[in-house]
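Report on one structure; see the data block that follows.
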Amino acid sequence: MQKFEKIRGAAFDLDGVLADTAKFHTQAWRELAEKVGVKWTDQLQEALKGVGRMDSLEMILAAGNIENTYSDEQKRALEEAKNQRYQNLVNQLTPDDVLPGMHQLLDDLRVAGIKMSVASASKNAPMILERLGLLGYFEGIVDPAEVQAGKPDPAIFSKAAELLHLPPEVVIGFEDAQAGIQSIRSAGELAVGIGVPGDITFENTHDVTLAALKEKI
Ligand code: BG6
Ligand code: MG
């Protein structure tokens, strides 16, 4: 494994890593699943993490074997309804909703000279980062509309390194989703798993400190 001294960039997932928003995506998808009559399970909930909006809808419909029941237009209406519900839920976000320890980590990485970008599948990422007061930390935010494929494809994390003008070998990626860990690894970066197994793993965001990273990498 590489030494921390070689690391020059960090790419952060947003929902469930920087922001306490994964629960709102889950709530909005769960309500939609109930509306279309699809049984909600823990596996479905985990599998949806990190997955883009339309792909998530397709996974929910497939879980209920109803993927052919809706036209493209109806699917667009469903994803739009989910997004409106999600936006209502996150309307009240404040800087207090940055997940425990992450503010400190961003400060410490900045002081250590590590360049940072955001590698989220969410089209709402810029709005959420602004609400949380975190925009100033990042040299780039990947626009998921501009990459050909969502996580687990490497595209989002590859782009996150490109935005920092760094090769993937010197970038670490932070993720709370299985699909995201796969994306980081296929991009050739080192995967830090938070609540999910990575190249190095932490149980929760609180435990992810600069000192712990230096020790584990
Ligand atoms: C990911 C979340 O970050 O973004 C997923 O983990 C979500 O739950 C996806 O579906 C897309 O987000 P949005 O805000 O574009 O619908
Ligand atoms: Mg996430």
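None of these values were measured; they are calculated from a predicted model. Read the numbers this way: they start at 1 and go in the same order the structure lists the ligands and their atoms.
With ligand atoms numbered from 1 in the order given, ligand 1 contributes 10 (O) to contacts under 4.0 Å with heavy atoms of Ser56. Residue-ligand proximity, Ser120 to ligand 1, at heavy-atom distances under 4.0 Å covers atoms 3 (O). Those atoms of ligand 1 with a heavy atom of Trp29 less than 4.0 angstrom away are 10 (O). Listed by atom number, the atoms of ligand 1 under 4.0 Å from Asn124 heavy atoms are 13 (P), 14 (O). Near Lys123, meaning under 4.0 Å from any of its heavy atoms, are these atoms of ligand 1: 13 (P), 14 (O), 15 (O).
A side-chain donor-acceptor contact under 3.5 Å links Asp199 to the backbone of Ala191. Under a 3.5 Å cut-off, the side chain of Asp153 and the backbone N or O of Gly150 do not form any donor-acceptor pair. Of the possible donor and acceptor atoms, one in the side chain of Lys216 sits under 3.5 Å from a partner among the backbone N and O of Thr201. Of the possible polar contacts, one joining the Ser56 side chain to the Val51 backbone as a donor-acceptor pair under 3.5 Å is found. Proximity of a side-chain donor or acceptor of Ser183 to a complementary backbone N or O of Ala179 within less than 3.5 Å is not detected.
The heavy atom nearest to atom 7 (C) of ligand 1, out of those in Val17, Thr21, Val51, is found in Val51.
Interatomic distance, Ser117 OG to Leu163 CG, rounded to the nearest 0.5 Å: 6.0 Å.
Side-chain contact between Arg110 and Met116: present, with at least one pair of heavy atoms (C-beta onward) separated by less than 4.5 Å.
For the residue pair Gln27 and Glu31, a side-chain donor N or O sits within less than 3.5 Å of a side-chain acceptor on the partner.
Gly50 counts as a contact of ligand 1, since one of its heavy atoms falls under 4.0 Å from the ligand.
Residues forming a ring pair (Phe, Tyr, Trp, His ring centres under 6.0 Å) with Tyr86 (at least two apart in sequence, or on another chain): His25. For Glu139, the side-chain hydrogen bond (donor to acceptor under 3.5 Å, both in side chains) test picks out no residue, with sequence neighbours left out.
With hydrogens left out, the protein atom closest to atom 13 (P) of ligand 1 is Ser122 OG, 3.4 Å, a heavy atom. For atom 3 (O) of ligand 1, the closest non-hydrogen atom of the protein is Asp15 OD2, 2.7 Å.
The shortest N/O to N/O separation between Arg53 and ligand 1 falls below 3.5 Å.
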Distance-only check: which donor-acceptor pairs under 3.5 Å involve side-chain atoms of residues 73-80, not counting sequence neighbours?
from, atom 1, to, atom 2, distance (Å)
Gln74, OE1, Ser71, N, 2.8
Gln74, OE1, Ser71, OG, 3.4
Lys75, NZ, Glu58, OE1, 3.3
Lys75, NZ, Glu58, OE2, 3.2
Lys75, NZ, Glu67, O, 3.3
Glu80, OE2, Gln84, NE2, 3.1

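Protein N/O/S atoms nearer than 2.8 Å to the Mg ion (ligand 2) total 3.
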